[in-house]
Amino acid sequence: MTEDPAAALDRAFFDRPSPEVAPDLLGRLLRCTLPTGTVELRLTEVEAYTGPDDPASHAYRGRTARNAVMFGPPGHAYVYFTYGMHFCLNLVCGPALHPGGVLLRAGRVTEGIDSARRRRPGSRRDHDLAQGPARLTVALGVDRTQDGEDVVAGPVFRLLPGTPPAPGQIRTGPRTGVAAAADTPWRFWIEGDPTVSPYRAHAPRRRAAK
DNA sequence: GGTAAGATCCGCT
DNA sequence: GCGGATCTTACCT
């Protein structure tokens with residue numbers, strides 16, 4: 001059966017380990033509909049995180065109030081707050097009891113660009129609108145309110161087939177800004193796309209002098 | 001109850 | 001290239 005580009009992806013898409021799901025998300029379209037506007041973007045950069053076997057994952061130390069959604073059914077949004085000011089959006093995947101997720105790191109806005117620009121007034125060019133995980137959530141209008149939302153058929157999110165990149169366009173490398181397991185190549189991006197965020201190795205911050 | 005580090009971004013040098 | 005902003009979380013005592 002041919003994929004209908006307007007139909008949401010099947011829920012079984014997410015019922016696999018996150019390192020398998022992550023590259024398959026590249027080129028897909030994520031649409032986010034909120035009262036403040038609808039924005040759709042084509043995913044260009046993602047990172048996989050798994051569960052108890054992945055020291056970089058929020059699920060590594062078991063279920064907490066913050067990460068509870070990661071331990072729930074696949075195909076839902078896990079949104080967390082970090083650095084005192086940023087939100088990041090993950091799509092929960094993996095078989096039940098094997099928590100995992102894919103961090104959405106960057107995308108190119110394909111619809112609702114006016115809403116995205118309004119939310120990101122500091123953005124100088126269209127390719128910065130969702131260039132980076134925290135910028136992406138701002139452009140979409142996502143915060144912890146959307147934690148746990150259904151991504152397959154929910155009222156807010158809808159993941160559409162879009163146009164996957166050619167296999168030769170997919171690149172992999174170490175995850176950005178991650179202290180643990182820096183050698184695990186679970187970052188995936190579309191080669192040459194200007195919306196992909198620049199790689200930054202993890203740099204621990206010193207305690208502020210008082 | 002205290003503290004250190006964090007799946008980051010922006011502005012300035 | 002570097003440091004500040006800003007606060008939640010989890011780990012330690």
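Every chain is numbered from 1 and lettered A, B, ... according to where its sequence line falls, protein lines coming before strand lines.
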K.L.:
Answer with yes or no whether the side chains of A/Glu111 and A/Thr38 bring together a donor and an acceptor at under 3.5 Å.
P.N.:
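Side-chain D/A pair, A/Thr38 to A/Glu111: absent.
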K.L.:
Contact class for A/Arg66 vs. all strands (heavy atom < 4.0 Å): base, sugar-phosphate, or nothing?
P.N.:
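Sugar-phosphate only.
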K.L.:
Got a second to check how far A/Asp147's CG is from A/Met70's CE, nearest 0.5 Å?
P.N.:
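Result: 11.0 Å between the selected atoms.
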K.L.:
Can you figure out which of B/dA7, C/dT9, C/dA10 approaches the side chain of A/Tyr49 most closely?
P.N.:
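For A/Tyr49, the side-chain atoms sit closest to B/dA7.
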K.L.:
Starting from P on B/dC10, measure out to CZ on A/Arg125 and report it in whole angstrom.
P.N.:
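It is 15 Å, rounded to the nearest whole Å.
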K.L.:
Can you tell me which nucleotide in B/dA7, C/dC7, C/dA5 comes closest to the side chain of A/Phe81?
P.N.:
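For the A/Phe81 side chain, the nearest candidate turns out to be C/dC7.
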K.L.:
Looking at A/Thr64, does any N or O in its side chain come under 4.0 Å of the phosphate oxygens OP1/OP2 on C/dA10?
P.N.:
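Yes, such a contact exists.
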K.L.:
Can you confirm if the NZ or CZ of A/Arg11 lies within 45° of the ring axis of A/Phe14 and under 6.0 Å from the centre of its six-membered ring?
P.N.:
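Verdict for A/Phe14: no cation-pi partner in A/Arg11.
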K.L.:
To the nearest Å, how far apart are A/Arg63 CZ and C/dA10 P?
P.N.:
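Result: 13 Å.
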K.L.:
Are OP1 or OP2 of B/dT8 and a side-chain N or O of A/Arg105 less than 4.0 angstrom apart?
P.N.:
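Yes.
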K.L.:
For A/Leu136 and B/dC9, give me the distance from atom CG to atom C1', rounded to whole Å.
P.N.:
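Taking atom C1' of B/dC9 as the reference, CG of A/Leu136 is at 14 Å.
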K.L.:
For A/Leu91 and B/dA7, what is the distance between atoms CG and C1' respectively, to the nearest whole Å?
P.N.:
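Answer to the nearest Å: 14 Å.
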K.L.:
Determine the contact category for A/Ala56: base if any of its heavy atoms lies under 4.0 Å from a base atom, sugar-phosphate if only primed atoms, P, OP1 or OP2 are that close, otherwise nothing.
P.N.:
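A/Ala56: base contact, heavy atoms under 4.0 Å.
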K.L.:
Partner lookup for B/dT3, please. Criteria are Watson-Crick or G-U wobble with both distances under 3.5 angstrom; report none if nothing qualifies.
P.N.:
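Here B/dT3 is engaged in a pair, and the nucleotide opposite it is C/dA10.
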K.L.:
When the distance from CE of A/Met70 to P of B/dA7 is rounded to whole Å, what number comes out?
P.N.:
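To the nearest whole Å, that distance equals 12 Å.
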K.L.:
Just call it for A/Arg120: base, sugar-phosphate, or nothing, with non-hydrogen atoms closer than 4.0 Å on any strand.
P.N.:
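Sugar-phosphate: the residue A/Arg120, judged by heavy atoms under 4.0 Å, touches backbone atoms but no base.
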K.L.:
In whole angstrom, what separates A/Asp147's CG from C/dT9's P?
P.N.:
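Atom CG in A/Asp147 sits about 11 Å away from atom P in C/dT9.
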K.L.:
Under a 3.5 Å limit for both distances, which nucleotide forms a Watson-Crick or G-U wobble pair with C/dA5, could you say?
P.N.:
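Checking every strand shown, C/dA5 finds its partner in B/dT8, with both distances under 3.5 Å.
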K.L.:
So which nucleotide from C/dA10, B/dA7, C/dT9 ends up closest to the side chain of A/Asn90?
P.N.:
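My answer, after comparing the listed nucleotides, is B/dA7.
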K.L.:
I'd like to know if the side chain of A/Arg135 pairs up with that of A/Ser123 as donor and acceptor (distance under 3.5 Å, no hydrogens or angles considered).
P.N.:
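Not at all, the side chains of A/Arg135 and A/Ser123 share no donor-acceptor pair under 3.5 Å.
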K.L.:
Name all residues meeting the side-chain hydrogen bond (donor to acceptor under 3.5 Å, both in side chains) criterion together with A/Asp15; count only those two or more places apart in sequence or in a different chain, and write none if there are none.
P.N.:
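Scan of A/Asp15 (side-chain hydrogen bond (donor to acceptor under 3.5 Å, both in side chains), adjacent residues dropped) gives none.
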K.L.:
Round to the nearest Å and state the distance from A/Asn67 atom CG to C/dT8 atom P.
P.N.:
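Answer to the nearest Å: 17 Å.
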K.L.:
As a test of reading the structure: which of B/dA7, C/dT8, B/dC10 is closest to the side chain of A/Arg135, going by heavy atoms?
P.N.:
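Within the option list, the nearest is B/dC10.
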K.L.:
OP1 or OP2 of C/dA10 versus the side-chain N and O atoms of A/Arg61: is any pair under 4.0 Å?
P.N.:
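No, because none of the side-chain N or O atoms of A/Arg61 sits under 4.0 Å from OP1 or OP2 of C/dA10.
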K.L.:
Please step through salt bridge (charged side-chain N to carboxylate O under 4.0 Å, His left out) for the pair A/Asp128 and A/Arg125, ending with a clear verdict.
P.N.:
CA-CA 6 Å; A/Asp128 327 312; A/Arg125 299 178 175 281; over 6 Å; no
K.L.:
Tell me whether the side-chain N/O atoms of A/His86 come closer than 4.0 Å to OP1 or OP2 in C/dT6.
P.N.:
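Checking A/His86 against C/dT6: no side-chain N or O falls below 4.0 Å of OP1 or OP2.
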K.L.:
Atom OH of A/Tyr83 to atom C1' of C/dT9: distance rounded to whole Å?
P.N.:
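One finds 13 Å between C1' of C/dT9 and OH of A/Tyr83, rounded.
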K.L.:
Counting just side-chain N and O atoms, does A/Arg175 come under 4.0 Å of either OP1 or OP2 of B/dT8?
P.N.:
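It does not, given that no N or O in the side chain of A/Arg175 lies less than 4.0 Å from OP1 or OP2 of B/dT8.
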